[in-house]
Number of protein chains: 2
Amino acid sequence: MAPKKYHHGDLKNALIKAGIKILSKEGIGGLTLRKVARLAGVSHSAPYAHFADKQALIATISTEGFKRLHAALDSAVEANADDPKRQLTEGARAYVQFAMNNADAFQIMFSGVLEKERDYPSFVEISHKTFERVVDIVRACQEAGVLRPAPPEIMAVAVWGQLHGVVSLVLEGQVSGKVLDHCDIQEIAHFALGQMMS
Amino acid sequence: MAPKKYHHGDLKNALIKAGIKILSKEGIGGLTLRKVARLAGVSHSAPYAHFADKQALIATISTEGFKRLHAALDSAVEANADDPKRQLTEGARAYVQFAMNNADAFQIMFSGVLEKERDYPSFVEISHKTFERVVDIVRACQEAGVLRPAPPEIMAVAVWGQLHGVVSLVLEGQVSGKVLDHCDIQEIAHFALGQMMS
DNA sequence: ACCTGAACACCGTTCAAGT
DNA sequence: ACCTGAACACCGTTCAAGT
């Protein structure tokens, strides 16, 4: 059997996985560099060999989240290659589902926890890529007459914003139970998106 | 001259003001109970005579923010008492302006920093009141044919979500500079809202 | 190159004690 | 009733030292 070298073969990835686990179990408030190290079985200062600071770990976890979100959008597009309207509605469904299934990751990605996102190129890259995916869908929908003519980037912000806003308000508990009793989040999001489609 | 009693006439309010000041200067990451106490000129344990814990202070500051937001919406409604469409567009403008002028307060109010909002009745009350104000505007717009027929509460979530989402994406830096160079946030929000109006 | 342990400056929170 | 100061358990981060 292979001798335990130092402690890990790949501590960096172990730390990321530990961070994601703690995040999903205890929320952002419980995410601590020292806890992450403990869960990975190393000393509290070991993470600093792989991440500059706590923000850097958060940036990596956020980037991971964006990759999964981007992949989900990709699937929705590919599964409906010749139907722009379904690309939009199914992409929207995927977005909402991602947010609901990964509420804490979603919060980390979008709630300003990560302060200097500019400093993390791979975060910027995947986040831009995700936006471009939305622009693609929007452009196809405009050509198909499903969305009104307008600069696609602006329309993409409106469409993404619509979904993002509804999801955020629900996640933050701003939508009263009276509304949520009658329809689930996917329905509300679908209704909201429907207001923009002709 | 009045003798300094203990230290303050109204420490509770002094703490709230100090908290708001620190929040706007250093952001949520710099908001610390001990700093708040220091700025108010009392010992680090003094706040506990007025707030159960840090969350309680945050809840109070959030409530304060909602009161100002609610007042801004009220003004927009009153200033356009007989023009539902303008109530909506001016209310939207007020919402966006509030978010931009109070980005950190906005973040505290909506970004899940406050974990058990249920525990703070006055927060729940003003947040519900604010939502009801949106419902009122939406209902008036539906009667005037400016928004499509639908249950007003659902439509209100869609409308609020639309604005909230666009504002949030911009505040989080998710909207690329390429877009922001061409139009300012008020324009984007107005465009997005316009997609829902007939 | 990768990790440990002690150290420092900071937190949130509690509690006995003071006026 | 309102505030202080010491105390405790926790952080993030740094740094000399070990393999």
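Below, chains carry the letters A, B, ... as their sequence lines are ordered, and counting in each starts from 1. Just so it is clear, the values below take in all heavy atoms, side chains as well, and ignore hydrogens, waters and symmetry mates.
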Would you mind reading off the distance between [X] atom [atom1] and [N] atom [atom2], rounded to a whole angstrom?
X: Ile22(A); N: dG12(D); atom1: CD1; atom2: P; value: 10 Å
X: Asp53(A); N: dC11(D); atom1: CG; atom2: P; value: 17 Å
X: Phe51(B); N: dC11(C); atom1: CZ; atom2: P; value: 18 Å
X: His50(B); N: dA1(D); atom1: NE2; atom2: P; value: 13 Å
X: Leu33(B); N: dT14(C); atom1: CG; atom2: C1'; value: 13 Å
X: Asp10(A); N: dC3(C); atom1: CG; atom2: P; value: 10 Å

_Donor-acceptor contact present, side-chain Asp184(B) to main-chain Glu187(B), <3.5 Å_ = yes
*Ignoring backbone atoms, establish whether Arg38(A) has a side-chain N or O less than 4.0 Å from OP1 or OP2 of dC11(D).*
yes
*Any donor-acceptor N or O pair under 3.5 Å, side chains Asp83(A), Asn80(A)*: no
*Short side-chain donor-acceptor distance under 3.5 Å, Gln174(B) and Ser127(A)*: yes
*Under the side-chain hydrogen bond (donor to acceptor under 3.5 Å, both in side chains) test, which residues partner Gln195(A), sequence neighbours left out?*
none
*Determine the contact category for Lys35(B): base if any of its heavy atoms lies under 4.0 Å from a base atom, sugar-phosphate if only primed atoms, P, OP1 or OP2 are that close, otherwise nothing.*
sugar-phosphate
*Looking at every strand, decide which applies to His44(A) at a 4.0 Å heavy-atom threshold: base, sugar-phosphate, or nothing.*
base
*Taking the six-membered ring for Trp, are Phe123(B) and Phe66(B) parallel (under 30°), tilted (30 to 60°) or perpendicular (over 60°)?*
perpendicular
*Indicate the ring-plane relationship of His164(A) and Trp160(A), choosing parallel, tilted or perpendicular according to the 30° and 60° boundaries.*
perpendicular
*Strand DNA chain C in bracket notation, Watson-Crick/G-U under 3.5 Å with | for pairs to another chain*: ||.|||||...|||||.||
*Taking only the side-chain heavy atoms of Arg34(B) (C-beta and beyond), determine which of dC3(C), dA7(D), dC3(D) contains the nearest atom.*
dA7(D)
*Choose from dG12(D), dC3(C), dT13(C) the nucleotide whose nearest atom is closest to any side-chain atom of Lys54(B).*
dT13(C)
_Return whichever of Ser45(B) or Tyr48(A) has its heavy-atom-nearest nucleotide of DNA chain D closer to the 5' end._
Ser45(B)
*Contact summary for Pro152(A) and Val135(A), nearest pair of heavy atoms*: CB-CG1, 4.0 Å
